Amino acid sequence: MTGLGGEVIRTLLGAFAMALFPLVVVVFLIWEARKVIGRMQDRLGPTNAGTYAGPFALFQTVADGIKILTKELIIPTGADRGVFVAAPILVVTVAIAVWAVIPLGPTGLQVVDLDIGAFYVVAISALAPFSMIMAGWSSRNKYAEVGAFRAVSQIVGYEIPQVLALLIPVLLTGSLSLQDIIRAQDIAFIFVVPLAAFSFLIACVAEVGRLPFELAEADSEIVAGYFTEYSGMMFGAFYLGEFINNLTVSVIFSVLFLGGWRGPWVDQVPWLGAVWLMAKALLVFNVLVLFWAAMPRLRIDQVLAFNWKFMVPLGLVELVTVAIADKTMESLGVAQGWERSAGLLVANLVLGLAIVGVLSLVGREAKRRRSFRRPGVGAA
Amino acid sequence: MIHPFAVVGLFLVVSLIFGVAPIALAWLLSPKKLNPRKQQVYESGNPTFGETWIEFKPQYYLFGLAFLAFDVEAAFLFPWALAYNQLALYAVFEAAVFLGLLGVSLVFVWRKGWLEWM
């Protein structure tokens with residue numbers, strides 16, 4: 001087949017393969033996360049105790065998926081039916097739509113190398129809060145409503161430090177294309193602008209609602225948050241969407257700060273890029289899983305205060321510092337290569353030390369005020 | 001050669017299919033034995049009382065407003081970051097002033113006490 005028709009069909013096939021990719025990976029990531037969490041909590045995680053689900057119960061998630069298909073879909077009385085059904089569809093759609101621009105390898109292993117790739121990622125993931133407010137509001141359930149409010153205020157808030165941190169690789173590269181950003185990382189950006197990588201990671205954890213930012217669906221407080229009323233596959237869609245988002249932010253972090261598909265022998269064997277990218281993403285994903293296993297849940301006021309009083313100012317200061325330090329070095333004549341990277345690293349480290357200093361001063365002040373108010377309590 | 005955004009459009013359609021398919025399949029496969037008790041809103045087993053769709057804590061609205069200012073700013077910063085390599089030092093300082101103004105708005109919100117949980 002030739003001409004436009006053939007090309008459309010080829011693009012469609014590629015799109016199907018790419019959309020299927022996160023779904024398949026997530027099936028095993030859920031298994032892996034459950035195993036790790038189990039071990040962290042002195043349990044075994046999924047095993048073959050009752051039924052056989054493959055070696056090491058590897059296909060437990062597939063079995064769960066088949067089971068959940070046969071569960072009744074309940075729409076509560078008084079719910080806004082159309083919106084109620086649309087919300088889980090939107091969750092999965094948005095989670096997969098981001099993968100249009102994810103570069104799995106140097107050429108070919110990407111649906112489209114959009115020249116505004118990074119902007120597309122931000123724009124599409126900004127749709128996620130819509131599905132949450134739709135789910136929470138249409139359920140006509142008080143737990144769901146509280147969960148939706150929490151989720152939306154948290155996610156839109158953490159979008160700001162996320163975007164500010166994402167601007168820094170864009171600024172260093174001079175392009176919004178994810179391929180260009182990867183190609184510019186002769187030294188992975190995490191070693192050039194570690195503070196930006198740090199704030200991007202924290203913002204990502206908050207965006208996907210992983211512990212310690214899990215309070216939108218805090219099980220011990222508000223049942224399951226905004227998807228309290230969902231059952232069967234509609235619940236499964238939220239669960240799936242959440243895990244796809246976990247994978248997506250891990251991959252995007254790897255692309256922006258860990259050099260994406262770059263690694264040994266990629267020039268000879270392009271598909272190795274996908275292996276390197278997924279290895280890096282798995283590393284980041286497991287950091288999220290360890291957070292999940294190790295951290296307690298924060299309160300909503302703590303989460304929002306942390307964002308607006310720490311993350312947003314940090315993002316602003318970091319962006320200004322990097323921009324000015326880089327331009328100053330350029331006018332001094334060190335615009336290229338490792339000298340530029342080293343200069344930016346030094347600027348970042350100085351800024352990091354300054355932030356730690358300010359924080360410890362603020363903390364000491366708060367402690368002094370507390371002990372002044374209640375003598376004897378804060379003395380130790 | 002298809003236009004890149006046409007490809008994105010195709011991909012959006014494909015991801016919509018992936019969103020609809022599992023729920024449609026479950027709709028076909030799942031049992032449909034509804035009764036009023038099953039369809040009750042879940043509030044820990046008690047019948048729900050009062051209206052759910054009410055005016056809720058205004059604090060969230062204030063955070064939404066603050067977000068709006070910063071989100072518009074982010075949209076302005078994308079072209080600046082993109083053109084950064086061609087900019088002179090003074091243009092970078094101008095952007096710093098712009099960010100500083102937003103910092104001032106953040107300080108204003110902070111001093112106003114809107115960031116405190118009421």
Side-chain angles (χ1 to χ4, degrees), chain A residues 7-8 11-12 15-16 19 23 69-78 88-90 92-93 96-97 100 111-112 114 119 140-143 145 149 153 156-157 159-160 163 167 170-171 174-176 223 228-229 232-234 236-237 301 304-305 308-309 312-313 316 319-320 323-324 327 331, chain B residues 1-2 4-5 7-8 10-12 14-16 18-20 22-23 25-27 29-34 36 38-44 48 52-53 56-57 60 63-64 66-67 70-71 74 77-78 81-85 87 89 92-93 95-96 99-100 102-103 106 109-110 115-117:
Chain A
E7 194 154 353
V8 167
T11 310
L12 262 179
F16 262 101
L23 288 169
L69 270 178
T70 64
K71 293 287 176 187
E72 189 169 5
L73 300 171
I74 300 169
I75 300 177
T77 42
I89 294 174
L90 186 66
V92 177
T93 305
I96 292 179
V111 174
V112 53
L114 215 53
F119 191 74
R140 206 158 194 163
N141 177 312
K142 296 185 186 73
Y143 293 123
E145 200 177 312
F149 274 104
S153 62
V156 299
E159 222 161 77
I160 295 160
V163 169
L167 278 170
V170 171
L171 181 147
S175 170
L176 282 165
V223 193
T228 298
E229 283 297 343
M233 197 58 218
M234 292 203 281
D301 62 319
L304 293 178
W308 289 100
K309 295 178 181 176
V312 173
L316 292 173
L319 187 58
V320 171
I324 289 180
K327 268 300 169 212
S331 44
Chain B
M1 187 64 201
I2 313 176
F5 279 99
V7 180
V8 170
L10 273 179
F11 195 84
L12 287 179
V14 169
S15 42
L16 185 66
F18 274 86
V20 173
I23 289 169
L25 194 62
W27 197 263
L29 290 178
S30 63
K32 291 169 195 65
K33 289 175 187 153
L34 294 174
K38 202 189 269 179
Q39 285 180 285
Q40 261 182 7
V41 166
Y42 178 75
E43 275 173 24
S44 311
T48 177
T52 302
W53 291 340
F56 195 60
K57 207 167 172 53
Y60 289 110
F63 279 110
F67 161 73
F70 278 88
D71 203 35
L77 281 176
F78 269 99
L82 200 55
Y84 175 79
N85 285 338
L87 293 179
L89 189 58
V92 174
F93 275 109
L99 283 168
L102 271 141
L106 183 66
V109 172
W110 197 333
L115 299 183
E116 310 305 323
W117 199 250

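Model, not experiment: these values are computed from the prediction. Labels below follow one simple rule: chain letters A, B, ... track the order of the sequence lines, proteins then strands, and each chain is numbered from 1. What's counted below: heavy atoms across the whole structure, side chains too, no hydrogens, waters or symmetry copies.
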Q: If you count heavy-atom pairs under 4.5 Å between each of Ala100(A), Ala237(A), Ser153(A) and chain B, which one has the most?
A: Ala100(A)
Q: Could you look at Val163(A) and say if it's the side chain, the backbone, both or neither that has a heavy atom under 4.5 Å from chain B?
A: side chain
Q: Could you go step by step and tell me if Val156(A) and Asp71(B) meet the side-chain contact (heavy atoms from CB on, under 4.5 Å) rule?
A: CA-CA 9 Å; Val156(A) 299; Asp71(B) 203 35; over 6 Å; no
Q: Does Lys327(A) have any side-chain hydrogen bond (donor to acceptor under 3.5 Å, both in side chains) partners at least two apart in sequence or in another chain, and if so, which?
A: Glu330(A)
Q: Most heavy-atom pairs under 4.5 angstrom with chain B, which of Thr93(A), Leu114(A), Val320(A), Leu12(A)?
A: Thr93(A)
Q: So what's closer than 4.5 Å to chain A heavy atoms on Leu82(B): side chain, backbone, both or neither?
A: both
Q: Side chain, backbone, both or neither: which part of Tyr143(A) has a non-hydrogen atom closer than 4.5 Å to chain B?
A: side chain
Q: Report which part of Val14(B) has an atom under 4.5 Å of a heavy atom belonging to chain A: side chain, backbone, both, or neither.
A: side chain
Q: Given a strict heavy-atom distance threshold of 4.5 Å, which part of Glu229(A) is in contact with chain B: side chain, backbone, both, or neither?
A: side chain
Q: Taking side chain as C-beta onward, heavy atoms only, is Phe63(B) less than 4.5 Å from Phe149(A)?
A: no
Q: For Phe78(B), is it the side chain, the backbone, both, or neither that has a heavy atom closer than 4.5 Å to a heavy atom of chain A?
A: both
Q: What's the spacing between Gln39(B) CD and Ile74(A) CD1 if we round to 0.5 Å?
A: 7.5 Å
Q: Closest heavy-atom contact between Leu69(A) and Pro22(B)?
A: CD2-O, 3.8 Å
Q: Given that the side chain runs from C-beta out, which part of Lys71(A) has a heavy atom under 4.5 Å from chain B: side chain, backbone, both or neither?
A: backbone
Q: Quick one: of Phe18(B), Phe5(B), Trp27(B), Phe93(B), who has the most non-hydrogen atom pairs under 4.5 Å with chain A?
A: Phe18(B)
Q: Side-chain contact test, heavy atoms from C-beta onward, threshold under 4.5 Å: evaluate it for Leu34(B) versus Ile75(A) and give yes or no.
A: no
Q: Pick one of side chain, backbone, both or neither for Ile324(A), based on which atoms fall under 4.5 Å of a heavy atom in chain B.
A: both
Q: For Leu90(A), is it the side chain, the backbone, both or neither that has a heavy atom under 4.5 Å from a heavy atom of chain B?
A: neither
Q: At a 4.5 Å cut-off on heavy atoms, which part of Ala97(A) comes close to chain B: side chain, backbone, both, or neither?
A: both
Q: Find out whether Pro88(A) and Ile23(B) are in side-chain contact, i.e. whether some heavy atom of one side chain is under 4.5 Å from a heavy atom of the other.
A: yes
Q: Output, in order, the C-alpha distance, side-chain angles, deciding distance and verdict of side-chain contact (heavy atoms from CB on, under 4.5 Å) for Leu106(B) and Phe70(B).
A: CA-CA 9 Å; Leu106(B) 183 66; Phe70(B) 278 88; 3.9 Å; yes
Q: Using a cut-off of under 4.5 Å for heavy-atom pairs, which of Ala66(B), Ala83(B), Pro36(B) has the most such pairs with chain A?
A: Ala66(B)
Q: Could you tell me which of Met234(A), Arg140(A), Glu159(A), Lys142(A) has the largest number of non-hydrogen atom pairs under 4.5 Å with chain B?
A: Arg140(A)
Q: Of all residues at least two apart in sequence or in a different chain, which pass the side chain to side chain contact (heavy atoms under 4.5 Å, CB included) check with Ser30(B)?
A: Leu73(A), Lys32(B)
Q: For chain B, find which of Glu145(A), Met233(A), Glu72(A) contributes the most heavy-atom pairs closer than 4.5 angstrom.
A: Glu72(A)
Q: Heavy-atom distance under 4.5 Å between the side chains of Phe11(B) and Val112(A), does that happen here?
A: no
Q: To the nearest 0.5 Å, how far apart are CG in Leu102(B) and CG in Leu77(B)?
A: 8.0 Å
Q: Could you look at Thr77(A) and say if it's the side chain, the backbone, both or neither that has a heavy atom under 4.5 Å from chain B?
A: both
